[in-house]
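Read the structure below first, then the notes.
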Amino acid sequence: MRIATWNVNSITARLPRLLAWLEATGTDVVCIQETKTTAEQFPADELRELGYESAVHATGRWNGVALVSRVGLEDVVKGLPGDPGYDGVQEPRAISATCGPVRLWSVYVPNGREVGHAHYAYKLQWFEALKAAVAGDAGGSRPFAVLGDYNVAPTDDDVWDPALFVDSTHVTPAERAALADLRGAGLTDIVPRPLKYDHPFTYWDYRQLGFPKNRGMRIDLVYGNEPFAEAVTDSYVDREERKGKGASDHAPVVVDLDV
DNA sequence: ATGTCACCAGTTTGGTGA
């Protein structure tokens with residue numbers, strides 16, 4: 001079974017790539033973030049023609065998450081229980097479902113904007129709610145994973161130049177502690193192989209030739225429980241999808257499972 | 001080369017977020 005997570009930065013803009021990529025890779029389930037559409041505008045028909053069902057939690061211009069599966073899509077839960085909300089709004093940043101033998105979440109963790117910003121406090125609160133929401137499944141016997149854009153680089157090795165990121169969001173001790181808390185609930189960071197260079201970066205800024213210079217970060221993560229981690233046979237970052245015109249600024253992370 | 005992209009409002013550019 002092949003699953004993946006991909007921040008597509010607009011499902012509308014990325015649809016041709018997504019369809020071609022699904023066919024080329026034979027991915028069974030893809031966790032999508034930043035759909036940037038309403039649920040009504042989500043291209044479920046095009047995906048259905050390829051044999052995929054879709055579960056979508058999206059409200060328009062910003063955020064939006066989805067699960068796209070050709071191996072079943074049951075018990076869909078939209079939203080994060082206990083979501084703290086930002087400015088009084090609970091944003092569409094989490095969706096979960098059972099896809100065949102595995103239970104999966106697709107999450108888009110708040111960016112945080114700047115340390116000290118209200119959005120940064122929201123980010124940390126959001127992580128607290130996420131941990132509470134997944135703790136039961138994380139400790140369970142069914143393969144379970146939380147995949148998505150975590151907007152945190154777990155270690156200094158996960159940013160291209162740690163010196164440039166001092167005191168920036170994505171690397172602060174509080175954000176990394178939030179990840180450690182999640183792992184403490186029973187989840188393991190499934191670190192993918194890079195297909196080129198030494199670091200499995202998953203995101204490269206569009207600006208200033210970030211990708212050609214490999215100025216990347218590993219912020220798209222797969223956190224799996226023990227039964228999930230034991231089933232993993234391979235994982236890699238598909239950097240080919242970051243190349244060329246019409247690419248997202250994130251590459252897909254692919255995980256192969258023997259389940 | 002202060003080397004981007006995408007969305008929306010509401011028009012052909014600016015604001016916003018990442």
Side-chain angles (χ1 to χ4, degrees), chain A residues 5-21 31-43 46 56-66 80 83-94 106-127 130 147-154 158-161 164-172 175 178-179 201-221 237-253:
Chain A
T5 181
W6 193 4
N7 179 325
V8 295
N9 184 21
S10 169
I11 187 94
T12 307
R14 222 60 61 210
L15 186 61
R17 272 190 181 251
L18 175 64
L19 296 175
W21 180 83
C31 304
I32 293 173
Q33 301 87 38
E34 282 208 84
T35 61
K36 291 186 169 179
T37 67
T38 61
E40 292 72 27
Q41 293 166 329
F42 190 90
E46 290 87 339
V56 183
H57 186 37
T59 54
R61 184 175 185 183
W62 309 116
N63 314 308
V65 288
L80 173 64
D83 188 330
Y86 184 66
D87 241 3
V89 178
Q90 293 194 332
E91 301 168 322
R93 295 180 175 275
S106 175
V107 300
Y108 178 45
V109 177
N111 172 287
R113 297 190 188 160
E114 290 174 31
V115 177
H117 194 286
H119 210 262
Y120 178 81
Y122 164 53
K123 182 179 193 174
L124 296 177
Q125 290 165 359
W126 203 91
F127 266 120
L130 179 63
L147 304 92
D149 180 353
Y150 280 68
N151 270 314
V152 180
D158 297 313
V159 296
W160 60 277
D161 185 353
L164 282 181
F165 284 85
V166 173
D167 297 330
S168 299
T169 61
H170 295 57
V171 303
T172 63
E175 290 166 278
L179 287 185
F201 296 148
T202 64
Y203 161 82
W204 299 260
D205 199 303
Y206 283 125
R207 292 166 289 192
Q208 286 157 319
L209 294 178
F211 184 66
K213 295 182 177 177
N214 200 33
R215 294 177 173 175
M217 306 174 75
R218 185 173 75 95
I219 57 176
D220 299 274
L221 309 177
V237 181
D238 191 353
R239 72 186 297 281
E240 296 301 307
E241 274 308 317
R242 182 60 180 79
K243 293 182 176 179
K245 197 169 171 63
S248 170
D249 43 0
H250 296 250
V253 177

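Just so it is clear, the values below take in all heavy atoms, side chains as well, and ignore hydrogens, waters and symmetry mates.
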*Quick one: OH on A/Tyr86 to NE2 on A/His119, what's the gap to the nearest 0.5 Å?*
5.5 Å

*Let me know the distance between OH of A/Tyr206 and C1' of B/dA1, rounded to the nearest Å.*
20 Å

_Could you go through A/Lys36 and A/Asn9, starting from their C-alpha distance and side-chain angles, then the distance that decides it, and tell me whether this counts as side-chain hydrogen bond (donor to acceptor under 3.5 Å, both in side chains)?_
CA-CA 7 Å; A/Lys36 291 186 169 179; A/Asn9 184 21; 2.7 Å; yes

*Specify the residue among A/Lys213 and A/Trp62 whose closest nucleotide of DNA chain B lies further upstream toward the 5′ end.*
A/Lys213

_Euclidean distance, atom CG of residue A/Asn151 to atom P of B/dG17 [Å, nearest integer]_ = 15 Å

*Have a look at A/Tyr203 and say if it touches a base, only the backbone sugar-phosphate, or nothing, with a 4.0 Å heavy-atom cut-off.*
nothing

*Check the distance between B/dG3's P and A/Asp205's CG and give it to me in whole angstrom.*
11 Å

*Can you tell me how far C1' of B/dA18 sits from NE2 of A/His170, to the nearest Å?*
8 Å

*Which whole-number value in Å describes the distance from A/Glu34 CD to B/dT16 P?*
18 Å

*OP1 or OP2 of B/dC5 sitting under 4.0 Å from any side-chain N/O of A/Arg207?*
no

_Whole-Å P distance, B/dT2 and B/dA6_ = 22 Å

*Side chain of A/Tyr206, backbone of A/Asp249: donor and acceptor closer than 3.5 Å?*
yes

*Round to the nearest Å and state the distance from A/Phe211 atom CZ to B/dC5 atom P.*
14 Å

*asked:* Which is more 5' along DNA chain B, the nucleotide nearest A/Thr37 or the one nearest A/Asn7? Just name the residue.
replied: A/Thr37

*Whole-Å gap separating P (B/dG3) and CG (A/Asp249)*: 16 Å

*asked:* From the set B/dG17, B/dA18, B/dG3, return the single nucleotide nearest to any side-chain atom of A/Leu209.
replied: B/dG3

*Member of A/Tyr108, A/Tyr122, A/Trp126 meeting the side chain to side chain donor-acceptor pair (under 3.5 Å) criterion with A/Glu91*: A/Tyr122

*Given atom NE2 of A/His250 and atom P of B/dA6, what is their separation to the nearest angstrom?*
13 Å

*Atom P, compared across B/dT16 and B/dG10: separation rounded to whole Å*: 14 Å

_Nearest-Å distance once atom C1' is located in both B/dT11 and B/dC7_ = 15 Å

*Please confirm whether the backbone N or O of A/Glu241 pairs with a side-chain atom of A/Arg17, one donor and one acceptor, at under 3.5 Å?*
yes

